[in-house]
Structure formats: C-alpha cells, structure tokens
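Let me begin by presenting the structure, written as structure tokens, before commenting on it.
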Protein chains: 2
Amino acid sequence: MLFRQEYEMSNKSTVKPKMTQYSRSRKKHECRILKAAEEVFAQFGYNGATLDTIAERAGLSKQNMLYYFASKQQLYQKVLQNILDIWMDSMALLTQPGKDPASKLENYIRRKIELSRTRPNGSKVFAAEIINGAPHLSADIKNRLLPRLEEDISLVESWIAEGRLDPIDPRHLFFMIWSTTQTYADFSAQIEIILGKPELTAGDFEDAARLITHVILKGIGAQQKEDKRL
Amino acid sequence: MLFRQEYEMSNKSTVKPKMTQYSRSRKKHECRILKAAEEVFAQFGYNGATLDTIAERAGLSKQNMLYYFASKQQLYQKVLQNILDIWMDSMALLTQPGKDPASKLENYIRRKIELSRTRPNGSKVFAAEIINGAPHLSADIKNRLLPRLEEDISLVESWIAEGRLDPIDPRHLFFMIWSTTQTYADFSAQIEIILGKPELTAGDFEDAARLITHVILKGIGAQQKEDKRL
DNA sequence: ACGGAGTTTAACTGTTTGGTAAAAATTGCT
DNA sequence: AGCAATTTTTACCAAACAGTTAAACTCCGT
C-alpha cells in the first residue's frame, strides 16, 4: 500500500534500481513536481507558496503530490539541493577550458550567466534562502561548496603570485562574479523595467556577459589577448 | 474613539501638524514598529513574517500594533517605501562630490556599500520583493527610480562621448555596481560562511569597497590618478 | 484474468494567523 | 476634577493551509 520503493537500497554497492514502468513514471512525476515547485517557490517564497498551487501547476492534486513528496519541507529541500548541485557543477574554475587566467575566468563568468538565463527560478529560490539566513543551506555551503571553492581560491592566488593578476582578495573576486551574474536572474524584474522590456532576451544576457567579462578581466589586470571592442 | 488624527489634512498647503504629546509618542511607536517589521520581513519574508512576531519584537501586542498600522500589507508597504526612499537618496551620481568620473563613481560605490552595511535588513526586504517579481514596487521603480536613473545614465554617456570611459552600456554598469554592493547585505549569510566570520565587520566592507572600486574603475577605463596598492 | 504493488481521490482535522468589535484603561487639556 | 481624545486589552472569528486516514482505483507481471 504505502510501501515506497526505495531508490537506493544500499549505500555501499551502487545497485541500479530496475527501471520498472512504475519507477519510470514516478521519475517523470517527480520531475514535473520539482519544476513546478521551483517556479512557485521562486515567485512566492517558501511560506507564500502553497502545496495546492504547486500541485495545480504540476497537474495533480495536493494529496497526490504528497504521495511523492511527503512534506512541503522535503519538497523544498529537494529543490534547493538540485540547484545547489547545478551551481556547484558550474563552479570549479579549474575544470574550465582555456589555459590563461583570462579565458578561464571568462568561461566561468559565461557559465554563471548562462545559468542565470536557463535556471532563473532555481537561482531565485537559492537567493531567497540565503537572504533569509540560509537556514536550510548553511551546512551544505560549509561542507560542500566551501571546500571546492578553496581550490579555486588557491588557483587565483597562484595566478597572483605569478604576477598574472593584480593582488586582490580572491574571495571578494568570487563574490563579485557571483553577484554580477546572478543579478540577471534574481533581479530580472527590476532589470526588465529599466531596460524597458517585458522579458530579458538571449541578447541581453550576451550584453551582460560581455560587459562583465570586460570590466572584471581588465579590472583585475588579466587582460585578454585581443581587446575586444564593445 | 477610533478617530485617527490625520497627519496631512490638506494636500495643498503644507500645514505642520501640531506636535502634541500624543503624536510624539505615536511617531516613536511607529518608528519602533517599522524597525521591528524590517527585521522580521528580512528574516522570514512577507508571508513568513507574522504580526505577532513583529509586535513582540516591537514590544507591544499584535492588536495594539494594528492600531498603528491597520494591516500587514500597509506595514509592509511602509517598510518598502522607506528603504526605497533611502536607496534613491543614495543614487544620483550627479549629486556626488568629486569632479572626475573616477571619484564620482567611487563615492557612489562607497555610498551603496555603506547602505548595505548600515541597513542590511532594508536591503534584504527590497531584494526579496524584487525576486518575487516586485509586485508592490514595479510602479515606483518605473515612476520614481527610472527617471532619476536616466540622469545618471546620461552623465555616464557624456563621459563616454568625451572618451573618459570605455564605451560600455551605462545601464549594465549600474546593474554591476548595484549587485556587487548589495550582495554584502543580501547574501551576508553566504559571505560570512566563506570568510569564516560570524558577522561582517566594518573592515570587511572596506575591503569590499576597495576591491569593487578598483576593479570597476580600472575595468571601465576610468582610472584614478594614483594607482592605489591593494 | 487475477492478485498485489503502486497510485489517486475523498473527506477531514488541527493549527496558525490576519483581522474585527467592543470594552477598559490611560492621557492630556481646560 | 472632569471629560473627551487616544491608546491598550480582551475576546473572538473566519479563512487558509499543511498534513492524515482510509477507501477506491489502476497498472502490470505472471
């Protein structure tokens, strides 16, 4: 009856759960719910979002949705987790293509901007969570994000030591990159009004990426080879 | 009984309301309530904040508070209005001291950072409102903020025309300044974790201001006279 | 086609919370 | 002191909403 099929039975061996019809459709449902939840949480905040609204947008009843995610908290956690995973994937300066600091940083910035464009709602949920003091996320930031960031910080420090960058605090540099790129997702409402557009276009994001990379790279003394005209 | 004393009887003549004992204490109460509301809205969001919590923090009963602000909406609007007013005061590049673009921009950036430091809660409420699509604010942004911003945009454009700045889109430049400065208020939770501090200090804000001005000014080709060491 | 695992629906419930109505208390002015 | 304007408290209410229980239904492998 209520026996939920476990996806990960064992935590040692990575046993692939056999993909039955059931579990396939379950995945699809969970996906639709998570997408709807991301939208609704982004627009109304955690407390403003209601299970009914999310369920309706996902195309099922609230009770039915509660069958897939046992509580609002759980659903929210999952949404947060997903976006943090994606965010962390796009981090790691080290893994970015390019050899010189300039191209690595440009790729990094462009990835972040791309994330703002493609996942604005996830970004908003994340932002709202941080604004509220990151009550559900501080542990993850400390334990997962911070260690990976340390690597990037070391890399930037080595660039500085080699004289390839102005002597700046890498951590503040990352705050700068994160804020300038995320603002196009989080504050899109304000930006749309100021640009006089009902919606930001791919071109707007390209403009943003170009300006941000220009200013930051030049600003930290990591000039690209060819000085692009704006 | 319930006859509220009107502060502005006439909208034509600016009649000063006589400062009775009552109205004096009322002002004080309203002030305390607004401060408490700003804190609570910042921490829990509009829907997460409850009148009871706000009232408790302001040191009176919910019903009593409702005597001063007739509804949650009204209270929230007032909080938003206040912070928008302050925000707009700190804008207006034109009125900033300094003659050359570099010093004007530096003053602008430093004011914004200072605002993040002194009014983090207001900034957070503002940010959350924008994230949620600015439902209570889009009119004000369009009608009050935008016109004043246009002046600043024109000024930057004239600087560009005179060859004193790289040819960049002024609007995106402002998005950059706003996001980099506000992030120290809005995302303080994240920044504190990464900097390994329980609270941001005045020194942290000074570091931020220095880095942001260095990178942006150099990045847009508006170098200061003396190239400060970092 | 049948049995059971898995899914959906219907009917509730307890609590939280924004807001109201009116009585009670306090304050300030003459 | 006395009275009216203002403030505070008491007692409620209705709606919204997360979550529960159990019954009904559907799907799928054998």
Side-chain angles (χ1 to χ4, degrees), chain A residues 1-9 17-34 36-37 40-41 43-79 135-136, chain B residues 1-7 9 17-34 36-37 40-41 43-80 135-136:
Chain A
M1 295 250 183
L2 276 174
F3 289 24
R4 175 90 49 91
Q5 177 186 331
E6 293 294 336
Y7 277 95
E8 293 163 311
M9 309 292 277
K18 46 189 168 183
M19 260 298 177
T20 70
Q21 284 297 63
Y22 280 132
S23 68
R24 231 187 305 272
S25 110
R26 171 175 271 268
K27 266 273 148 68
K28 221 174 263 181
H29 272 123
E30 286 178 349
C31 219
R32 275 228 318 285
I33 293 170
L34 284 170
V40 176
F41 282 133
Q43 191 176 351
F44 301 102
Y46 177 77
N47 287 284
T50 74
L51 293 181
D52 274 314
T53 311
I54 297 171
E56 192 185 15
R57 193 166 309 196
L60 32 62
S61 71
K62 179 185 72 170
Q63 300 93 324
N64 197 177
M65 189 175 72
L66 281 167
Y67 171 75
Y68 290 98
F69 296 88
S71 73
K72 191 183 181 180
Q73 282 270 348
Q74 211 169 99
L75 183 53
Y76 179 69
Q77 292 272 17
K78 199 78 186 158
V79 169
H136 304 84
Chain B
M1 298 246 180
L2 276 175
F3 288 21
R4 174 91 48 90
Q5 177 187 329
E6 292 294 336
Y7 278 92
M9 308 292 275
K18 46 188 167 186
M19 260 297 177
T20 70
Q21 284 297 62
Y22 278 134
S23 68
R24 232 186 306 271
S25 108
R26 170 176 271 268
K27 266 272 147 70
K28 221 174 264 180
H29 272 120
E30 286 177 350
C31 220
R32 276 228 318 286
I33 294 170
L34 284 170
V40 177
F41 281 134
Q43 192 177 349
F44 302 102
Y46 177 78
N47 288 284
T50 73
L51 293 182
D52 273 313
T53 310
I54 297 171
E56 192 186 14
R57 192 166 309 198
L60 32 60
S61 70
K62 178 185 74 172
Q63 299 89 331
N64 196 179
M65 188 175 72
L66 280 167
Y67 172 73
Y68 290 99
F69 295 89
S71 74
K72 191 182 182 182
Q73 282 271 346
Q74 213 168 99
L75 182 53
Y76 179 70
Q77 291 272 14
K78 198 77 186 161
V79 170
L80 266 188
H136 305 85

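None of the values given here were measured: they were computed from a predicted structure.
At least one side-chain heavy atom of A:Arg26 sits under 4.5 Å from a side-chain heavy atom of A:Tyr67.
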Let me check something: any side-chain donor-acceptor pairs from residues 53-62 of chain A under 3.5 Å, sequence neighbours excluded? List them with distances.
{"unit_1": "A:Thr53", "atom_1": "OG1", "unit_2": "A:Thr50", "atom_2": "OG1", "d": "2.6"}
{"unit_1": "A:Arg57", "atom_1": "NH1", "unit_2": "A:Glu39", "atom_2": "OE1", "d": "3.1"}
{"unit_1": "A:Ser61", "atom_1": "OG", "unit_2": "A:Asn64", "atom_2": "N", "d": "3.1"}

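Counting only heavy atoms from C-beta on, A:Tyr67 has its side chain closest to C:dT8 among C:dT8, D:dT8, C:dG19. Considering only the side chain of A:Arg26, C:dT7 comes nearest among C:dT7, C:dG18, D:dG19. The side chain of A:Tyr68 has C:dT8 as its nearest neighbour among D:dG19, C:dG19, C:dT8.
Here D:dT8 presents its C1' atom at 10 Å from NE2 of B:His29, a figure rounded to the nearest Å. In this structure, A:Lys72 atom NZ and D:dC17 atom C1' are separated by 8 Å, rounded to whole Å. Between the CZ atom of B:Phe69 and the C1' atom of D:dT7 there is a distance of 15 Å, rounded to whole Å. In this entry the distance linking CG of A:Leu75 with P of D:dG19 reads 10 Å, nearest Å. At whole-Å resolution of the value, CZ in B:Phe44 and C1' in C:dG18 are 17 Å apart. To the nearest angstrom, C1' of C:dT20 lies 10 Å from CG of B:Leu66.
Taking only distance into account, the side chain of B:Lys62 meets the base of C:dG18 through a donor-acceptor pair shorter than 3.5 Å.
Residues that satisfy the ring pair (Phe, Tyr, Trp, His ring centres under 6.0 Å) test with A:Tyr76, not counting sequence neighbours, are A:Phe41, A:Tyr46, A:His136.
For DNA chain C, no neighbouring residue in residues 48-55 of chain A is found when judged by any heavy atom under 4.0 Å.
Residue A:Asn47 comes nearest to B:Gly48 through the heavy atom pair ND2-CA, 3.3 Å, listed as atom of the first residue, atom of the second, then distance.
Residue A:Tyr68 forms a side-chain hydrogen bond (donor to acceptor under 3.5 Å, both in side chains) with just one option from A:Glu30, A:Gln74, A:His29, and that option is A:His29.
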Close N/O contacts between protein and nucleotides 9-11 of chain D (under 3.5 Å):
{"unit_1": "D:dA11", "atom_1": "N6", "unit_2": "B:Gln63", "atom_2": "NE2", "d": "3.2"}

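Atom CE of B:Met65 and atom CZ of B:Arg32 lie 12.0 Å apart (nearest 0.5 Å).
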